[in-house]
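Note sheet for the following structure.
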Amino acid sequence: MIDFNHVTKVFNDDIKAVDDISFHVPEGNIVVFLGPSGCGKTTTLRMVNRLESISEGTISVNGNSVNELNPIELRRNIGYVIQHNGLFPNMTIEQNVMAVPDLLGWDRKKKKDRFNYLMDLVGLNPDQFRKRYPHELSGGQQQRIGIIRAMAADPPVMLMDEPFGALDPIIRSHIQNEFLQIQEEVQKTILFVSHDIDEAIKMGDKVAIFREGQLMQYDAPDEILAHPTNDFVRKFVGKDRALKSLSLHHIQDLVNEQHLNQADETNKQQKTVPIHTNLKDALSILLNQEAEQLVVQSGDNQIGALTIQDIENYLHEKIM
Amino acid sequence: MIDFNHVTKVFNDDIKAVDDISFHVPEGNIVVFLGPSGCGKTTTLRMVNRLESISEGTISVNGNSVNELNPIELRRNIGYVIQHNGLFPNMTIEQNVMAVPDLLGWDRKKKKDRFNYLMDLVGLNPDQFRKRYPHELSGGQQQRIGIIRAMAADPPVMLMDEPFGALDPIIRSHIQNEFLQIQEEVQKTILFVSHDIDEAIKMGDKVAIFREGQLMQYDAPDEILAHPTNDFVRKFVGKDRALKSLSLHHIQDLVNEQHLNQADETNKQQKTVPIHTNLKDALSILLNQEAEQLVVQSGDNQIGALTIQDIENYLHEKIM
Amino acid sequence: ACGGGGSEESSGNEGSGDGEKKLVIGAKNFTEQFVLSKILSIYLKENGYEVEEKNNMASQVVRTALENQQVDLYWEYTGTSLVTYNDQDPIADADQAYEAVKEIDKKNGIVWLNPADVNNTYTLMMRQDDSDELGIKTISDLAEYMNENPDELLIGTNAEFATRPDGIKGVQKTYGFEVPSSNLKKMDSGLFYQALRDGQVDVATGFMTDSRIKAFDLVTLEDDKNFFPAYHAAITVHEDSLAKYPELEELLKPLAENLDSETMMDLNYRVDIDEESETDVARSWLVENGLIEE
Amino acid sequence: MNRKKLLATLLKALLSILTVLFFVWSYRSGYYQLIFDDPEGFWFLFQQHLKMVLLSSSLAIALSVPLGILVTRPKFKKVQWLIMNTANLGQTIPSLAILALAMTWMGIGFKPAVFALFLYSLLPILRNTVAGIDSIKPELLDAARGMGYKPYQILFKIELPNAAFSIFAGIRTAVVLNIGTAALAYLVGGGGLGDWIFTGIMMRDNIYLLSGAVPVTLLALFADLTLRIIEGFVISKGVRQSVEAD
Amino acid sequence: MQELWDYMINNQTLIWTYTLEHMQLVGLSVVIAIAIGVPLGIYLTTNDYLAETVLQMANVIMTIPSIALFGIMIPILSLIDQGIGFVPAVIALILYSQLPIIRNTYVAIKNVDPHIKDAAKGMGMNTIQKLRKVEIPNALPVIMAGVRQAVIMNIGIGAIAAFIGAGGLGVLINQGIARTNSTIVMAGAIAISIMAIVVDMLLGLFQKKMTPKGLEEDLKS
Ligand SMILES: Nc1ncnc2c1ncn2[C@@H]1O[C@H](COP(=O)(O)OP(=O)(O)OP(=O)(O)O)[C@@H](O)[C@H]1O
Ligand SMILES: Nc1ncnc2c1ncn2[C@@H]1O[C@H](COP(=O)(O)OP(=O)(O)OP(=O)(O)O)[C@@H](O)[C@H]1O
Ligand SMILES: C[N+](C)(C)CC(=O)O
Ligand SMILES: [Mg+2]
Ligand SMILES: [Mg+2]
């Protein structure tokens with residue numbers, strides 16, 4: 001879907017913000033750009049919709065080099081979400097969300113339907129918010145509006161620059177989940193900037209790790225956690241990368257691979273958990289001394305008991 | 001050192017911001033006030049240096065009720081750091097840091113020495129920054145200046161209201177560590193407001209958890225993680241409290257309590273770690289598949305091998 | 001002329017098919033001029049002209065406005081034009097002065113209509129008691145006194161009189177004395193009557209027909225060397241405007257015919273001292289003289 | 001980038017040329033002759049002008065800065081609303097009218113002129129003093145109080161230095177306005193360079209006009225510049241801003 | 001007081017005529033000033049070098065005393081026979097209006113949150129659309145504040161234009177001075193002040209009406 005081909009960006013003839021980067025983004029994927037401040041994430045993102053010019057190399061979307069497309073057209077076909085949401089304070093929520101359809105000259109009925117659909121998608125009542133202004137919304141609500149505004153004209157590609165950066169941890173995690181659910185439904189191709197490793201692991205189908213303009217590693221999150229290609233990546237993902245990778249796997253995955261013992265009915269230190277619980281949570285519960293073994297429930301059936309030993313085995317055999 | 005005795009604060013005759021709070025802060029401790037927004041952390045803090053009056057009860061510092069002390073005197077003997085640092089834009093860095101010594105009429109030489117000492121403490125070059133103004137510093141640098149300004153006259157007590165709130169996670173963690181090192185050296189009695197549980201666990205000798213003006217629990221961090229007194233605290237500290245609490249313990253602690261097996265010399269999947277490694281890191285390394293057992297090193301001696309099982313046992317027997 | 005400021009607009013009514021007759025009337029910045037221009041404007045309005053008034057201008061300013069047709073007509077004084085605008089020697093005789101200035105201004109494209117018997121000459125004034133005490137009755141007396149006590153008397157005047165050739169400079173030259181610049185108190189025209197009365201100056205410029213000379217009991221010093229020319233009031237019109245409305249000459253004749261110095265002083269008195277509005281004063285005078293209907 | 005710079009440079013050059021041309025033209029036309037012909041007269045008026053401005057400005061500063069400080073004290077918050085609204089209302093009265101009213105009340109001469117200038121300068125200084133102090137972030141005051149500053153120390157070490165930029169801007173505005181308004185003092189017999197300007201206007205005499213108007217303008221520009229330079233010394237580098245909109 | 005009232009009643013038409021003249025003078029000059037200043041201010045946001053020069057220049061103009069500016073313009077405009085009256089007055093007022101209008105426009109557009117501008121550009125608005133839909137609406141309150149400031153200032157300076165024959169309420173004040181008649185001075189001063197206050201209020205209402213609802217919060221602060 002999106003191809004970066006030896007892309008380089010030089011500012012003011014001497015600052016190499018992006019340095020010979022090549023990678024392919026498959027359709028329908030979320031790719032997270034991760035790296036320390038100033039490593040070139042935003043610049044890379046903004047070259048896609050030509051908010052920055054490309055110094056060398058090419059970026060193509062659907063096989064067409066962006067340099068050969070009209071930038072206005074291009075931008076209208078790419079959703080763009082920036083940190084701090086960038087809502088227009090002078091426009092109502094509806095006008096904000098319908099900004100691009102407006103530019104495209106959609107008719108009133110079509111816009112209204114689309115607005116209602118999008119608001120439903122993020123669980124906000126369309127009629128209640130239609131005529132309100134951004135400052136009348138909470139931070140989390142504003143963020144949601146920022147996202148559906150970028151989705152308004154149903155662009156196949158979306159660019160999101162630290163869209164959840166300004167939110168506090170609890171709301172942030174909530175919106176992340178919500179967004180993943182929406183993505184299930186809409187299947188956009190998304191470039192997503194973050195500087196938070198946990199967010200990257202959670203949101204990304206793939207993660208691109210940058211350092212001083214260079215692409216250090218481009219892989220699926222569990223690959224990155226399991227096999228960091230160099231010391232920089234290893235450090236960046238942190239000492240507890242194994243724990244992190246556990247959150248990417250569910251009891252289901254483990255059950256698919258290895259056999260669980262029967263639950264020991266006599267053990268009182270046990271607890272029942274559903275099969276789609278992720279392994280990090282499962283481990284936490286076990287460590288919390290809430291249980292020595294977890295009884296795994298699938299539908300109405302108990303399919304066995306999970307211990308720390310099982311998780312450790314799975315981690316070593318299958319993940320790392 | 002500081003005693004809160006049935007302290008209550010009522011605003012405008014009807015808003016009970018602080019509700020009958022009593023606890024004791026030992027000398028040299030950092031006590032973190034933790035809780036959701038609006039729960040009364042700031043108000044509690046500000047009653048100590050009488051920026052807010054006390055509606056009922058007493059607060060005493062070193063056995064003297066603050067209400068009986070001259071407020072100006074009192075404040076000059078208590079360091080105060082507020083969120084967004086509150087540096088005076090019209091003063092140079094040196095003037096800012098030396099504001100209280102100035103009020104106290106220190107002589108020039110003494111002030112200069114103190115300034116140099118404090119700047120060294122936070123790793124900033126005194127001569128380079130002396131004549132600069134706050135707006136010429138980065139956020140992290142400003143925050144450091146805010147902290148040493150509060151320490152300038154070497155007050156035995158410091159009040160810090162979300163001192164690191166405005167910083168990004170990486171710089172934040174860096175300054176936290178730096179501050180803990182400084183505290184090793186200076187051993188102040190510190191009241192520290194935060195709304196981040198991880199920060200509280202990391203910084204606090206004790207943590208006070210507030211809810212709507214009431215004190216829910218006042219304990220050492222591992223106590224709070226291991227034994228939350230009620231559902232509110234349990235929820236507030238999070239699902240992975242066991243993992244969090246592991247970071248508060250070191251292999252040394254475990255060795256003190258239980259016997260380690262001899263290292264199995266034939267096992268190639270092993271790694272040597274120093275005895276002061278914390279247990280969360282140790283667990284991570286074990287889970288990372290970097291080793292099946294960790295050889296624990298104390299000075300030049302190998303004192304045994306650590307496995308996940310050992311950590312689990314220790315957690316269940318001793319922590320939780 | 002006000003709206004667009006263009007000279008074409010001010011005098012230009014050509015092509016206005018509705019036959020509307022438009023005139024711009026100018027006026028200087030003292031009471032008499034306000035009254036005279038009001039008389040003119042009310043009278044013209046009654047006679048079917050559309051009138052625009054532009055007032056509060058200094059002599060030189062309104063004259064220039066007339067020359068470049070930002071103004072069509074206004075009341076001027078013979079001596080002023082003769083001496084100030086045309087650099088001629090003063091002429092004391094009223095008729096001679098009128099004929100002379102009429103002739104000269106013809107070359108400037110300006111037509112003098114018939115003169116009124118209103119001689120608003122400059123004068124120098126003092127308080128009655130000072131005049132008695134210092135024995136100053138004529139300008140020569142003043143010159144003598146000033147030469148003996150150069151720094152004593154403060155002289156109040158306006159910017160015009162202080163600079164015009166027929167003003168303080170000419171007086172000094174003719175009578176042979178010198179006023180130090182620190183003793184010359186300049187102020188807005190008209191302020192000096194009160195300033196003199198209140199003792200803030202000792203000698204002041206005056207306009208002979210100004211009612212305040214009488215009202216404030218001020219003494220006018222005799223121009224014993226006949227320095228000041230005749231300043232008889234007459235309407236001056238730009239020749240193009242007159243060409244457009246040739247009837248003006250006849251139409252306006254009765255205005256000047258019915259005015260004299262005595263009347264003028266009286267009208268000024270009603271405005272300055274009785275604080276009647278100049279419109280009322282002008283209108284009532286026109287009615288009294290049967291020039292307009294009540 | 002460079003084209004933009006070029007455009008700006010060109011404009012600057014054009015303006016400089018026009019200014020020079022104006023001066024050359026007016027000088028060659030002998031329009032400043034009066035200053036050379038009558039230097040004492042010029043000096044006399046210039047001194048009068050300066051005296052009026054200095055006296056009225058210092059009085060205005062001496063009254064309005066303390067008043068501004070007073071009404072920003074918490075105790076007077078309520079009065080502040082009243083004073084600021086009165087001040088804003090007062091600002092709508094044109095300078096000419098204030099001068100005229102002062103004259104009808106105090107007679108002609110130097111005194112009413114100074115009084116009118118003084119009144120007219122009060123408002124900008126008062127307004128900027130209040131705005132400057134009010135715009136100080138509350139957390140700064142909180143920090144100062146928390147460090148044990150006494151109220152007067154907060155005023156002199158925190159509030160005034162941080163409001164200084166705004167206060168000075170008010171003083172600059174007032175002084176510059178003052179120099180211009182003082183040119184109207186001629187009307188009420190107050191003297192000053194307005195004398196020549198009005199003579200020039202009334203007599204349509206460019207010599208009087210420019211011999212009066214140009215020095216007054218230069219005086220205003222010079223005062224503005226001088227105050228900016230003083231500002232540079234008095235105001236802490238830490239609080240100076242570049243562009244301000246109000 | 002009674003006298004003042006009587007005077008104002010007796011001279012209604014006169015006062016009204018002068019008021020209209022005054023409004024014409026100020027109105028025309030402000031309209032022209034806006035037509036020049038707002039586009040210029042907007043353009044300047046794209047060229048910082050030029051902005052500095054132009055703002056400095058406008059600043060210098062502001063320091064020129066009004067009677068001196070009228071004075072300086074007389075010999076220059078006399079070259080085209082327009083030395084006195086309406087034309088020089090309008091030109092002077094236009095010049096004086098430039099600083100508040102250009103400066104406020106420039107600063108307001110500059111200060112529109114860069115994130116918002118970025119968002120507008122990123123969603124495919126062209127320069128004109130961005131200006132019309134985002135930048136101008138969000139800058140409007142500040143621009144209007146500049147216009148208001150210019151209008152109020154010009155009403156005051158307009159009074160001085162009476163001395164170069166531009167008419168207006170300044171004539172009344174001047175006559176009051178000349179006749180040492182405080183009633184007339186007061187009548188003139190009050191008429192001008194009322195005019196300034198009313199115009200200020202109307203512009204305030206207009207400003208409020210023109211301010212997008214979403215910005216009302218900012219306006220209060
Ligand atoms: N317009 C510009 N002109 C000059 N240098 C620039 C410009 N924009 C970015 N840079 C530089 O390019 C480098 C990459 O910047 P970029 O904004 O892409 O970083 P980032 O990874 O998004 O950082 P952050 O996490 O802080 O947003 C930085 O060194 C930055 O200073
Ligand atoms: N000056 C005041 N007047 C009235 N109510 C106040 C005042 N200051 C605080 N409050 C109220 O007292 C309660 C506690 O406020 P406080 O600032 O202590 O909370 P906090 O725990 O510090 O919150 P945050 O994390 O948001 O800073 C809140 O409900 C607040 O609205
Ligand atoms: C009427 N005077 C001669 C006194 C003055 C003038 O020419 O206007
Ligand atoms: Mg970025
Ligand atoms: Mg707080």
Side-chain angles (χ1 to χ4, degrees), chain C residues 1-7 9-10 24 26-34 38 41 51-58 60-65 67-71 158-159 187-198 200 207 210-212 216 268 271-273 275-280, chain E residues 3-4 6-15 17-18 20-25 27-28 70-71 74-75 77-91 159-185 187-188:
Chain C
C2 185
S7 50
E9 273 170 68
S10 59
V24 181
K28 304 190 188 186
N29 51 8
F30 50 92
T31 306
E32 177 173 296
Q33 284 276 321
F34 276 73
K38 261 295 174 239
S41 84
V51 173
E52 190 189 322
E53 292 164 81
K54 297 192 65 171
N55 45 28
N56 205 49
M57 287 175 272
Q60 192 75 56
V61 174
V62 66
R63 166 69 175 215
T64 314
E67 281 170 8
N68 59 31
Q69 295 185 66
Q70 283 177 282
V71 157
N158 63 3
M187 59 195 78
D188 206 14
S189 308
L191 265 188
F192 25 69
Y193 303 97
Q194 188 160 359
L196 181 60
R197 181 193 64 184
D198 296 346
Q200 284 164 315
F207 297 177
D210 199 291
S211 59
R212 285 168 289 191
F216 295 169
N268 289 341
V271 174
D272 278 337
I273 309 298
E275 300 189 358
E276 284 183 62
S277 85
E278 54 261 30
T279 315
D280 292 348
Chain E
E3 247 176 291
L4 179 64
D6 289 345
Y7 179 85
M8 289 183 100
I9 295 296
N10 289 338
N11 294 277
Q12 289 182 46
T13 33
L14 187 73
I15 295 176
T17 313
Y18 287 143
L20 282 180
E21 273 176 23
H22 211 109
M23 290 209 291
Q24 240 176 2
L25 187 67
L28 182 66
F70 289 134
I74 290 177
L77 288 176
S78 287
L79 301 175
I80 55 162
D81 270 354
Q82 291 294 346
I84 55 125
F86 197 73
V87 176
V90 169
I91 293 178
I160 294 167
F163 293 105
I164 57 163
L169 286 164
V171 173
L172 222 47
I173 297 178
N174 190 212
Q175 280 302 298
I177 296 176
R179 297 185 200 164
T180 27
N181 184 327
S182 57
T183 312
I184 304 181
V185 172

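First the proteins, then the strands, lettered A, B, ... as listed; each starts at 1.
At a 4.5 Å heavy-atom cutoff, the contact between C:Glu275 and chain E is made by side-chain atoms alone. Using a 4.5 Å cut-off between heavy atoms, C:Glu53 contacts chain E through its backbone alone, with no side-chain atom that close. With a threshold of 4.5 angstrom between heavy atoms, C:Phe34 approaches chain E through side-chain atoms but not through N, CA, C or O.
Each side-chain hydrogen bond (donor to acceptor under 3.5 Å, both in side chains) pair with one or both residues in residues 164-174 of chain E, not counting sequence neighbours, appears once here: C:Asn56-E:Asn174, C:Asp188-E:Asn174.
Using a 4.5 Å heavy-atom cutoff, the side chains of E:Ile184 and E:Asn11 are not in contact.
C:Thr64 pairs by the side-chain hydrogen bond (donor to acceptor under 3.5 Å, both in side chains) definition with D:Arg204, not counting sequence neighbours.
Aromatic ring centroids of C:Phe30 and C:Phe207 lie under 6.0 Å apart.
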